Amino acid sequence: MKLIIKYIKKHKLLFVLNLVGILAFTLTELGIPTIMANMINEGVSSKDFGFIKSQGFMLLMIAVVGGLGSILMSYTSSRIASRMTRDIRLDMFKKSQEFSHSEYNEFGVSSMITRVSGDVYQLQLFTQMLLRMGLNSPIMIVASAFIILNTNTTLALVMSLSIPFILLVVFMVGKLSGPLSRKQQSLMDILNRITRENITGVRVIRAFRKDKDETHRFSMTNKEYSEVSKKLFRVMSRAEPMFFFILNVSSLLIAFFASNMIQAGNLEVGTLVAFFEYQFQALFSLLLFSIVFIMYPRAAVSARRISEVLDTVPLIQNPENGIKDSGDVAPSVVFENVDFAYPDSEAKVLTNINLSAKVGDTVAFIGSTGSGKSTLINLMVRFYDVTSGRVLVDGIDVRDYDLYALRDKIGFIPQKALLFSGSISENIRYGKEHALDNEVQDSAYLASADAFIQAKPHKYDEWLSEGGSNVSGGQKQRLSIARALVRRPEIYIFDDSFSALDYKTDALIRKNLKKITKDSITFVVAQRISSIVDSDTIVVMNEGEIVGMGTHLELMKTCPIYIEIAQSQLSEKEMAQYENI
């Protein structure tokens, strides 16, 4: 409820109008039976048609007020609920943009999608019910109970016998629906995860002929979700028939006692008709309020999951007064005694890393899979923070920078080339929003992408599908490189960004990069020695430590691990060729 109240407060005027609509609707629902009772008791019994007409006109006026109140209540409740949903989704999206890799790993992509879509929708439904029934029903119950007690105390006592049974039904349904709702949402997370894995991994699934296995896996989870949903809906659907059974039994008892009272002259027919209406309004309002109560456990589960996202404090915090400008100092990067361990692990991934780079340097990292190359690069962009030591960019600790200012200095090409749906030019301009056409084309040329772009029917306006699925892996990598080059940053980071390129294209891009990186620092993570052989400094990583550092020639003489890598990749002729570089 705290989460809902927090967002409803943003729409105070609509909430006040909602209350006005509720009061108008309540006045109508309780006023009509009173007027009808007067018409029967005084007008019909005495055949006073003038009185009947005046009461009929009043009835019409109240009906109009009630209709307007109902429209106002429906409009404001829908408006508040939809705006609240919009605000929550926006806040969750903004929050997700602040998350580090650790938070994404904790929640999981599929769960995040479910929380932003399914859980928020559940909260919208509950809020709409709350604003219409949750606020209206208590007012109607109290007002009806007051009128009932003033109408006939004996019949009021008879009616009150049904209330404990209704409350018992509500309690049992609420108690049973809570655990089922939690399980239902968890299964929806799993369904989303399986669906996402199958869509993104469709080629692997087909290549290994696992279509039937994946269908079976989805079918089993879907069946379990269906069974839980059936149980939940079965529990919730039992409330209404049980309520009407209790209401009918109560009405029969009231009719029995009322008939004796009418015969004895202690009760008028019009009053009995009004009493039945009051009774229905009181008990039906209790049912409606019960429905809100029944929906609460499910909404509470969704609200809790949403709050988990909104209340999470990201590990990577942007400092309030972060440094935005490092001044006119020459670009430099320094790692000082850096150790790093992932937040959910005690074992160190990086140990005692010390290295530096200045303007014009090309620093390459090579080593076996899992040696810590990409992790080291992630510390520079501040995707993670060091466990101990410092990473300095232009002489300033990266933790003291404004995050946007820090990342604005860096052109990052990730290990997995990711493109967005949109035109080729829009994807390249992702690196520099207001890049001119000639800047876009120049960056594409340097990344060796211009040739295949020009071969497209619409050239730079060619539309790319989600994730760039309609271009090859090598084309995606070249567009990713162009996206970074268009920024002309201080620091270039190529995180194994040449793996999908052939040797000729690889060599051509490296040749082109030399033209524009003279005033920058370039970091290259690679698996192929041919991609880094001409680097100013090659850093050899092994099990999170630097085991060798120097030029290709120096490492070929001093670093056994580097020699081993070279021997596994290069022929004897190439070995001899590179030894003479």
Side-chain angles (χ1 to χ4, degrees), residues 89-107 109 112 116 308-336 338-344 349-350 353 355-357 363 372-416 418 420 427 429-435 480 483-495 497 520-523 525:
R89 283 203 177 108
L90 181 60
D91 287 348
M92 290 183 74
F93 185 81
K94 286 180 178 177
K95 190 72 174 185
S96 70
Q97 298 302 300
E98 298 174 9
F99 284 169
S100 68
H101 289 52
S102 299
E103 282 79 47
Y104 279 116
N105 292 336
E106 179 184 346
F107 288 111
V109 176
M112 283 292 294
V116 173
E308 284 175 0
V309 175
L310 295 176
D311 296 341
T312 297
V313 179
L315 288 176
I316 306 300
Q317 292 286 328
N318 194 10
E320 290 185 10
N321 299 310
I323 298 169
K324 295 184 178 180
D325 188 2
S326 57
D328 296 328
V329 298
S332 65
V333 176
V334 178
F335 288 80
E336 288 185 356
V338 168
D339 289 350
F340 174 74
Y342 286 106
D344 54 352
V349 179
L350 297 172
I353 303 297
L355 64 92
S356 62
V363 179
K373 306 183 296 297
S374 294
T375 303
L376 186 63
I377 293 300
N378 286 336
L379 297 179
M380 197 186 311
V381 193
R382 213 183 161 209
F383 290 154
Y384 294 98
D385 275 340
V386 297
T387 304
S388 64
R390 295 192 303 169
V391 179
L392 306 175
V393 172
D394 299 348
I396 301 169
D397 194 318
V398 293
R399 290 169 292 188
D400 296 329
Y401 269 107
D402 176 82
L403 274 175
Y404 294 99
L406 171 66
R407 291 168 183 171
D408 199 45
K409 292 174 176 285
I410 298 170
F412 182 71
I413 302 94
Q415 194 169 11
K416 182 181 179 182
L418 176 65
F420 300 92
N427 270 274
R429 282 192 175 92
Y430 204 82
K432 184 180 178 182
E433 185 178 356
H434 302 294
S480 295
R483 181 172 59 196
L485 296 183
V486 77
R487 305 185 74 170
R488 298 295 193 270
E490 289 183 10
I491 302 166
Y492 290 93
I493 297 177
F494 297 89
D495 187 3
S497 308
S520 305
I521 304 170
T522 304
F523 291 94
V525 174

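One-based numbering along the sequence shown. Please read these numbers as outputs of a predicted model, since none were measured by experiment.
Nearest heavy atom pair, residue L406 against residue R382, reads CD2-CB, 3.9 Å. Between N318 and L403, the shortest heavy-atom contact is OD1-N, 2.9 Å. For M112 against V309, the heavy-atom pair with the smallest separation is SD-CG2, 4.0 Å. The nearest pair of heavy atoms linking V486 to A435 is CG2-CB, 3.7 Å. For the residue pair A357 and V363, the shortest heavy atom distance occurs at CB-CG2, 3.7 Å. Taking both residues in full, the closest heavy atoms of L350 and G372 are given as CD2-O, 3.5 Å, listed atom of the first, atom of the second, then distance.
Between the CG atom of L379 and the OG atom of S374 there is a distance of 11.0 Å, given to the nearest 0.5 Å. Atom CZ of R407 is separated from atom CG of D402 by 10.0 Å, given to the nearest 0.5 angstrom. Here K373 contributes atom NZ and D495 contributes atom CG; the two are 8.5 Å apart, rounded to the nearest 0.5 Å.
Residues passing the side chain to side chain donor-acceptor pair (under 3.5 Å) test with R487 are D408, sequence neighbours excluded. Residues passing the side-chain contact (heavy atoms from CB on, under 4.5 Å) test with K409 are S326, V393, D394, Y401, E490, sequence neighbours excluded. Applying the side-chain contact (heavy atoms from CB on, under 4.5 Å) criterion to S520, with sequence neighbours excluded, gives Y492. In terms of the side-chain contact (heavy atoms from CB on, under 4.5 Å) criterion, residue partners of L418 (sequence neighbours excluded) are, by chain and number, F420. With sequence neighbours left out, N427 forms a side chain to side chain donor-acceptor pair (under 3.5 Å) with no residue at all. Listed by chain and residue number, nothing satisfies the ring-ring contact (aromatic ring centres under 6.0 Å, His included) test with F335 (two or more places apart in sequence, or in another chain). Looking at residues two or more places apart in sequence or on another chain, you find no side chain to side chain donor-acceptor pair (under 3.5 Å) involving D400. Partners of F383 under the ring-ring contact (aromatic ring centres under 6.0 Å, His included) rule, at least two apart in sequence or in another chain, are H101, F412. In terms of the side chain to side chain donor-acceptor pair (under 3.5 Å) criterion, residue partners of T375 (sequence neighbours excluded) are, by chain and number, Y342. Under the rule for a ring-ring contact (aromatic ring centres under 6.0 Å, His included), the partners of F99 that lie at least two apart in sequence or sit in another chain are Y104, F107. Applying the side-chain contact (heavy atoms from CB on, under 4.5 Å) test to S388 and every residue at least two apart in sequence or in another chain returns D339.
At least one donor-acceptor pair closer than 3.5 Å links the side chain of R89 to the backbone N or O of V116.
For residues 312-326, the set of pairs meeting the salt bridge (Lys or Arg N to Asp or Glu O under 4.0 Å) definition, not counting sequence neighbours, is empty.
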Open item on the list: Show, in sequence, the C-alpha distance, side-chain angles and deciding distance for E98 and Q317, and conclude whether the side chain to side chain contact (heavy atoms under 4.5 Å, CB included) test is met.
Closed with: CA-CA 8 Å; E98 298 174 9; Q317 292 286 328; over 6 Å; no
Open item on the list: For a ring pair (Phe, Tyr, Trp, His ring centres under 6.0 Å) check, start with the C-alpha distance between F523 and F494, then their side-chain angles and the critical distance, and finish with the verdict.
Closed with: CA-CA 6 Å; F523 291 94; F494 297 89; over 10 Å; no
TODO: Test side chain to side chain contact (heavy atoms under 4.5 Å, CB included) on V391 and D397 and set out the steps.
DONE: CA-CA 6 Å; V391 179; D397 194 318; 5.6 Å; no
- [ ] Using the side chain to side chain contact (heavy atoms under 4.5 Å, CB included) rule, take I491 and M380 through it: C-alpha gap first, then chi angles, then the decisive distance, then the call.
- [x] CA-CA 10 Å; I491 302 166; M380 197 186 311; 4.2 Å; yes
TODO: Determine, stepwise, if the pair L310 / D91 fulfils side chain to side chain contact (heavy atoms under 4.5 Å, CB included).
DONE: CA-CA 7 Å; L310 295 176; D91 287 348; 4.0 Å; yes
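P314 has its side chain within reach of K95: a pair of non-hydrogen atoms, C-beta onward, lies under 4.5 Å apart. Taking 4.5 Å as the limit, every side-chain heavy atom of R429 sits out of range of all side-chain heavy atoms of R483.
Heavy atoms from other residues, nucleotides or ligands lying under 6.0 Å from CD of E433 number 12 at most. Annotation: N321, atom CG; neighbour count of heavy atoms from other residues, nucleotides and ligands within 6.0 Å does not exceed 12.
Each of V333, V381, I413 was evaluated against I493; a single residue qualifies, V381, per the side-chain contact (heavy atoms from CB on, under 4.5 Å) test.
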